[in-house]
Colleague: 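For reference, the structure I am asking about is given below.
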Number of protein chains: 2
Amino acid sequence: MLLSSMDQIQSSSFARYLDGEFWEIKDAFRDAISECELFQSSSYELTLDQSRDLTAERLYHLLRLPFMKEHLRNQELQFTGMFAMTERGHGSNVRGIITEARYNQSTQEFIIHTPSEDAQKMYIGNAMKGHYAAVFAQLIINGESQGPHCFIVPIRDQNGVMWPGVTTTDMKHKEGLHGVDNGILIFNNVRIPRENLLRKFGSVSADGLYSSPVLSKSSRFNAMLAALTPTRLGLTVQAMAAMKLGLVIAVRYSHSRRQFGPKDQDEVKIIEHQTQYLRLMPHLAAALALIFTTRYAAGLMDDALCQGQDLQSNRALQALVAGLKAYSTWENVACLQDCRECTGGMGYMMENRIPSLKCDSDVFVTFEGDNMVMLQVVVRELLTQYTKLMGNNLVMGLIRNWTSSVSDSLRTSFLGFNVDKVGDLMFLLKAVSYRERVLQRSLASRLYTKVEKNKDEFFMAWNACLHHVTTLAMAHIHRVTLEQFALAVRECHIKEDRALLTKFCLLHGTSLVYQERAWYLEHNYLTPNTSQQIRSQLLELCRSVKDDALKVVDDFNIPSCCIQAPIAGVPNPRAEWAFYPQPQYPSSTQPLSKL
Amino acid sequence: MLLSSMDQIQSSSFARYLDGEFWEIKDAFRDAISECELFQSSSYELTLDQSRDLTAERLYHLLRLPFMKEHLRNQELQFTGMFAMTERGHGSNVRGIITEARYNQSTQEFIIHTPSEDAQKMYIGNAMKGHYAAVFAQLIINGESQGPHCFIVPIRDQNGVMWPGVTTTDMKHKEGLHGVDNGILIFNNVRIPRENLLRKFGSVSADGLYSSPVLSKSSRFNAMLAALTPTRLGLTVQAMAAMKLGLVIAVRYSHSRRQFGPKDQDEVKIIEHQTQYLRLMPHLAAALALIFTTRYAAGLMDDALCQGQDLQSNRALQALVAGLKAYSTWENVACLQDCRECTGGMGYMMENRIPSLKCDSDVFVTFEGDNMVMLQVVVRELLTQYTKLMGNNLVMGLIRNWTSSVSDSLRTSFLGFNVDKVGDLMFLLKAVSYRERVLQRSLASRLYTKVEKNKDEFFMAWNACLHHVTTLAMAHIHRVTLEQFALAVRECHIKEDRALLTKFCLLHGTSLVYQERAWYLEHNYLTPNTSQQIRSQLLELCRSVKDDALKVVDDFNIPSCCIQAPIAGVPNPRAEWAFYPQPQYPSSTQPLSKL
């Protein structure tokens, strides 16, 4: 069932704006996916092996597309690899990994070894098929460790024959991601040539002398972790994709399905129920905010890489991406759960796609860095910035800052009392920014007291503030998403599109402030009155965009073969009972006039 | 792998208290399950057909147990049935079902018919195997409908031969509950004898005269819906079971797994991380609250049934159960999500049980009445009570009530300012009760204004208040759970157990008030100071119960074969890599002394 003809409708200006400058290659991918048989059906009925094979076939198909070859100068795809960092004993705390790479000078080899059960490499994707692994291990020369480094270790040859000393175990069934084979790697004194150490952060001469451009072990480790930054940003893109898919399905069904209504009249579309639009619309606004924020982060990363910067020198970018990863993946989990519930029994059926989206993306909050750890990465960077700002005299800094905090509070509480301003984007931007600033200041002050004054052990002091830490990190990323959304509104030059984005941007900001209204009340930034007004505003904004939502999800431009769900208007002969025709966005009426 | 010997350890007094008066039959079930091969392995690798067969075998095994035969006086289990209410066009709004049951006087039969696609009975459990269906259809005599009634319709005989005119379609794959075959029933002029109308709420004489003990169609419909009350309570029990299972796994793993720690010292157990205990402990407190609240509701239901009352006359009980269904199933979804995330990658592996728990119980928020509808059932009852209380003069009532509201607010805001009292259970009980009362009063007033003064159409007025409605319903059920928990504490006569329950009860109340602290601040019930104190109190209570949590989850007395998860200390040869020995509750130390 090839539906590409349906998908090749001319995109709207809004859709182009959402796609950004790379819309052409995105369209090429959409066409390629829509035209290829491999992407035409769901895979939930397959066995594990079949799922894994299908994933590989899909991947090879995409990598062999003409425009991919051109862009990536692709090899013949003879070999595939895997990334082997996590160990049984150390997932989040990778610094503690214990796989060993001992240098053997006589043979000029490294001996890769798993000294204990806790050292087994775990959850390694492609472990059952891949040929080479990038293995993180403690580099040991003459009995002394130089900290974790990365080594290329052969796992199996093209005929599947295992490299001597390597064992793999299939971890088999997971909640989702059935197409990925996660497994365990065990190394029993595996010999690899000296050249297989990736030398960016440290190298070993033939006669066993270690040298590194990065002096301290700690800095070296951080530099290596910076390599995870692009992957984390990729995960944010995946979380966004899952959210968008879920929203297409839930919004379309909500505009098709009718239930309850005024006495003796037709039942209303379920999107008309206040709780339904209140549950779905803030997620749609967040999805839009994420589109622009991710593009911003990707731009920074491109710039850094084009200027030949090492990512590790750009700690602010690392922190931004870590925060974005945490926010986007949690927002995705919450969004898909609401999509599931808002589509009722239909949303529970596999044919309608939402269950597998949920199961596949659930682990995003965990992998490539557990979200709780990501938030701590964000705050470490925020506090570093803060300390720099304050100079060495942290106490004076705190006092100086405290003064500005008081005037800040006075100035902003004026805004708080000024009822007319609550609906203003500037009010919302100031609010999220104020919150971040105050949380940052108070955290710095608490940590200072614990560590410097009370001489508490640092981990204990940090842990006693962990709720504060994670709250600050979320406040930070909230602020960034709202700012980037606001910038994207300003830079949009088509009037109708800008009007539409403005509503969703206001909604996103209102939703962020509403979620944290308790904090604003505690800090007298909102009065009880303005807080209640924020709630009314949230309800009203959600109501006002519920019809526009149809246009927005259509403009995500997701190919029908990816949507799959019959309740979203994609016919499926296996589930005719689930089919609802795709609701049409009423272009004749002018929903924008409501603005 | 029969683990019954492990499970037959003498239960503690705390475990007995959690089980309540029926602990003996619960123990008998636990033993029966632990001793039976059918329950010894997980079922996620089975095909749909195998899963369904296994479910049937398990069910038959349990129903044939000696003590079940004795209690249920069981038949030979020749026939199984199904409950056919939901239609394609009407799920939540069952009043609108359109399946027809026309009386044919000449043959003294009913003709059961599906007049359109929207009339197809959908999501019917056991549709592919069952022999009889309890079908809800519009009873039509001489072209006039008497509203929905329930009919027994043969579906297939013992050899699987379909009854003439009946068609079933398999809906196949769902997110979970693979052992249940949900299907579609279509009736093409199916003839059944007159006696197959269930006559409790209406009967038809041979010559086609309709009579009913319930006069209005609307009351009759409500009476029929009351039959769902016990099933809904059963669903609450299932949601609790899923929560308890998730918590056993997450709490044990959190006490086994170590990650991060003070410099140059052992890593700490992950339960020591502030965010970890803050995420898990409130769910454990809620699970305990649900145990006692469910028992309270079950007691009321038993009393009603023993006194021969029809459940429909006990609308307060219906509302309580509807609210409990919504609260428990949402709390379960949130709890399992946190259990999944707090167990990291391990929690994503099927062998560790949490994924299938999530997928199976996700739909609980939808079926047996969508939670959003359940909350509206609660509020309809609350408003009915309110109107009765006010008499006919609603306006005078509102004014009178408003006065008492003001004094209430004054009295309670005194409490709000009195910092010492925040940690007191009485303060928390008063807070949740005050919130419910104010929300109820303000909703009544808003609806009165819209409907009586502004003459808004009722559905539209109600829908404009829907967020308020659902907020009130949750406030109501929150209050009930805290009250029932507090009563259970008072009635517990073993000192140590009462001390333990007291901590968790305080935690539950603190967590409820913390969640809604914005509302309390808006209503000046909490000051900014006391609100921040509530947060500190929440953190401190969670910290103080994190070790007790091990005892509590052990005292849920769940058989190992149900826990399954290797990370919770249950060995599994298929996933040795996931095994963590069961952490022991340190009975030698005296964690209760911290009180």
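Both backbone and side-chain heavy atoms feed into the values below; hydrogens, waters and symmetry mates do not.
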Colleague: What is the ring orientation for His273(A) with Phe260(A), classed by angle as parallel under 30°, tilted 30 to 60°, or perpendicular over 60°?
Modeller: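 Judged by the thresholds at 30° and 60°, the geometry between His273(A) and Phe260(A) is perpendicular.
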Colleague: Which atoms of Leu177(A) come close to chain B, meaning under 4.5 Å heavy atom to heavy atom: side chain ones, backbone ones, both, or neither?
Modeller: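 The answer is both parts of Leu177(A).
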Colleague: If we ignore angles and hydrogens, is there a donor and acceptor under 3.5 Å between the side chains of His468(A) and Ser442(A)?
Modeller: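 Per modelled atom types, His468(A) and Ser442(A) side chains form a pair under 3.5 Å.
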Colleague: Identify the two heavy atoms, one from Ile354(B) and one from Gly347(B), that lie closest to each other, and give their separation to 0.1 Å.
Modeller: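 For Ile354(B) versus Gly347(B), the nearest heavy atoms are CB-O, 4.0 Å.
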Colleague: Given that the side chain runs from C-beta out, which part of Val469(B) has a heavy atom under 4.5 Å from chain A: side chain, backbone, both or neither?
Modeller: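 Neither; nothing under 4.5 Å.
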Colleague: In terms of heavy-atom proximity below 4.5 Å to chain B, should Gln376(A) be classed as side chain, backbone, both, or neither?
Modeller: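 Neither part, no heavy atoms under 4.5 Å.
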Colleague: For Arg257(B), which atoms come within 4.5 Å of any heavy atom of chain A: side chain, backbone, both, or neither?
Modeller: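 When you check distances to chain A, only side chain atoms of Arg257(B) fall under 4.5 Å.
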Colleague: Taking NZ, NE, NH1 and NH2 as the nitrogens, is one of them in Glu272(B) or Lys546(B) under 4.0 Å from a carboxylate oxygen of the other?
Modeller: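 Result for this pair is yes, salt bridge flagged.
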Colleague: Taking every non-hydrogen pair under 4.5 Å, which of Val333(B), Thr470(B), Asn182(B) racks up the most with chain A?
Modeller: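 Highest number of heavy-atom pairs under 4.5 Å: Val333(B).
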Colleague: Side chain, backbone, both or neither: which part of Arg353(B) has a non-hydrogen atom closer than 4.5 Å to chain A?
Modeller: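 Looking at Arg353(B), nothing touches chain A.
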Colleague: Look at Glu516(A), Arg95(A), Gln120(A), Lys358(A) and state which one has the largest set of heavy-atom pairs under 4.5 Å with chain B.
Modeller: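 Heavy-atom pairs under 4.5 Å are most numerous for Lys358(A).
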Colleague: Between Tyr44(A) and Glu351(A), do the side chains contain a donor N or O and an acceptor N or O under 3.5 Å apart?
Modeller: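 There is such a pair (donor and acceptor under 3.5 Å, judged by atom type) between the side chains of Glu351(A) and Tyr44(A).
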Colleague: In terms of heavy-atom proximity below 4.5 Å to chain A, should Met460(B) be classed as side chain, backbone, both, or neither?
Modeller: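 Side chain only.
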Colleague: Looking at chain A, which one of Gly344(B), Gly89(B), Ala575(B) has the largest number of heavy-atom pairs inside 4.5 Å, strictly under?
Modeller: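 With the most close heavy-atom pairs to chain A, the winner is Gly89(B).
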Colleague: For Glu267(B) and Asn93(A), does a side-chain donor sit closer than 3.5 Å to a side-chain acceptor?
Modeller: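 On atom types as modelled, these side chains qualify, holding a pair under 3.5 Å.
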Colleague: Give a yes or no on whether a salt bridge exists between Glu341(A) and Arg279(A), defined as a side-chain N under 4.0 angstrom from a carboxylate O.
Modeller: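 Yes.
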Colleague: Any idea which heavy atoms bring Met350(A) and Lys174(B) closest together, and the distance?
Modeller: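 What the structure gives for the nearest pair is CG-O, 3.4 Å.
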Colleague: Highest number of heavy-atom pairs under 4.5 Å with chain B: which of Arg517(A), Met372(A), Arg88(A)?
Modeller: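 Going by pairs under 4.5 Å, I would pick Arg88(A).
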Colleague: Taking side chain as everything from C-beta outward and backbone as N, CA, C, O, which of these in Asp362(A) sits under 4.5 Å from a heavy atom of chain B? Side chain, backbone, both or neither.
Modeller: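 Asp362(A) touches chain B through backbone and side-chain heavy atoms alike.
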Colleague: Counting heavy-atom pairs closer than 4.5 Å to chain A, which one of Val363(B), Thr366(B), Val373(B) comes out on top?
Modeller: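 The option with the most such pairs is Val363(B).
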Colleague: Please state whether the side chain, the backbone, both or neither of Thr275(B) comes within less than 4.5 Å of a heavy atom of chain A.
Modeller: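 Looking at Thr275(B), backbone and side chain both touch chain A.
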Colleague: Do the charged groups of Arg574(A) and Glu45(A) touch, with an N to O distance under 4.0 Å?
Modeller: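 A salt bridge is present here (some side-chain N lies under 4.0 Å from a carboxylate O).
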Colleague: Is chain A contacted by the side chain of Glu117(B), its backbone, both, or neither, given a heavy-atom distance below 4.5 Å?
Modeller: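 Looking at Glu117(B), nothing touches chain A.
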Colleague: Quick one: what part of Glu576(B) sits under 4.5 Å from any heavy atom of chain A, side chain, backbone, both or neither?
Modeller: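 Only the backbone of Glu576(B) comes within 4.5 Å of chain A.
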Colleague: Of the listed residues (Phe458(A), Tyr123(A), Phe367(A), Trp577(A)), which shares the most heavy-atom pairs with chain B below a 4.5 Å separation?
Modeller: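 Of the candidates given, the most pairs with chain B belong to Trp577(A).
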Colleague: What closest approach, in Å, do Ala461(A) and Asp456(A) show between heavy atoms, and which atom pair accounts for it?
Modeller: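 The pair with the smallest heavy-atom distance is CB-CB, 4.1 Å.
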Colleague: Heavy atoms only: give me the nearest Leu280(A)-Ser254(A) pair and the separation to one decimal.
Modeller: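 Smallest heavy-atom distance, with atoms named: CD1-OG, 3.6 Å.
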Colleague: Shorter than 4.5 Å, heavy atoms on both sides: which option in Gln337(A), Arg535(A), Glu522(A) has the most such pairs with chain B?
Modeller: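 If we count pairs closer than 4.5 Å to chain B, Glu522(A) comes out on top.
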Colleague: Taking atom types as modelled, is there a side-chain donor on Ser92(A) or Asp370(A) under 3.5 Å from an acceptor on the other?
Modeller: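 Judged by distance alone, the side chains do not pair up.
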Colleague: Checking Cys359(B) against chain A: side chain, backbone, both or neither under 4.5 Å from a heavy atom?
Modeller: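 Interface part for Cys359(B): both.
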Colleague: Quick one: do Asp266(A) and Arg258(A) make a salt bridge, cutoff under 4.0 Å?
Modeller: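 Judged by the 4.0 Å cut-off on N to carboxylate O distance, Asp266(A) and Arg258(A) do not form a salt bridge.
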Colleague: Would you call Lys263(A) and Glu457(B) a salt bridge, taking side-chain N to carboxylate O under 4.0 Å as the test?
Modeller: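 No, Lys263(A) and Glu457(B) are not salt-bridged.
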Colleague: So which part of Leu278(B) gets closer than 4.5 Å to some heavy atom of chain A, the side chain, the backbone, both or neither?
Modeller: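 Contact with chain A is through the side chain of Leu278(B) alone.
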Colleague: Less than 4.5 Å to any heavy atom of chain B: does that hold for the side chain of Ser531(A), its backbone, both, or neither?
Modeller: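 Contact with chain B: backbone and side chain both.
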Colleague: Given heavy-atom pairs under 4.5 angstrom as the criterion, report whether the side chain, backbone, both or neither of Phe364(A) touches chain B.
Modeller: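 Phe364(A) has no heavy atom closer than 4.5 Å to chain B.
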Colleague: Is it the case that the ring center of Tyr580(B) lies less than 6.0 angstrom away from the ring center of Tyr253(B)?
Modeller: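 Tyr253(B) vs Tyr580(B): aromatic centres under 6.0 Å.
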Colleague: If you tally heavy-atom pairs under 4.5 Å against chain A, which of Ala578(B), Ala464(B), Gly96(B) wins?
Modeller: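 Maximum pair count with chain A is reached by Ala464(B).
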Colleague: Below 4.5 Å, heavy-atom pairs only: which of Gly345(A), Ser356(A), Gly261(A), Cys465(A) has the largest tally toward chain B?
Modeller: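 Max contact count across the listed options: Gly261(A).
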Colleague: Relative to chain B, which segment of Gln276(A) carries a heavy atom at a distance below 4.5 Å: side chain, backbone, both, or neither?
Modeller: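 Looking at Gln276(A), nothing touches chain B.
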Colleague: Please rank Thr169(A), Asn463(A), Asn371(A) by heavy-atom pairs under 4.5 Å with chain B and give me the top one.
Modeller: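 When all of Thr169(A), Asn463(A), Asn371(A) are compared, Asn463(A) has the most.
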Colleague: Contact part of Met346(A) toward chain B, heavy-atom cut-off under 4.5 Å: side chain, backbone, both or neither?
Modeller: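 Backbone plus side chain of Met346(A), per the 4.5 Å heavy-atom cut-off to chain B.
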Colleague: Side chain from CB out, backbone as N, CA, C, O: work out which of these in Leu521(A) comes under 4.5 Å of a heavy atom of chain B, or both, or neither.
Modeller: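 Contact with chain B involves both backbone and side-chain atoms of Leu521(A).
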Colleague: Considering all heavy atoms of both residues, which atom of Ser361(A) and which atom of Asn332(A) are nearest to each other, and what is their separation?
Modeller: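 Shortest heavy-atom separation between Ser361(A) and Asn332(A) comes out as OG-ND2, 2.9 Å.
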Colleague: Determine the option with the most heavy-atom pairs under 4.5 angstrom with chain A, choosing from Trp519(B), Tyr348(B), Phe459(B), Tyr520(B).
Modeller: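 Looking at each of Trp519(B), Tyr348(B), Phe459(B), Tyr520(B) in turn, Tyr348(B) comes out on top.
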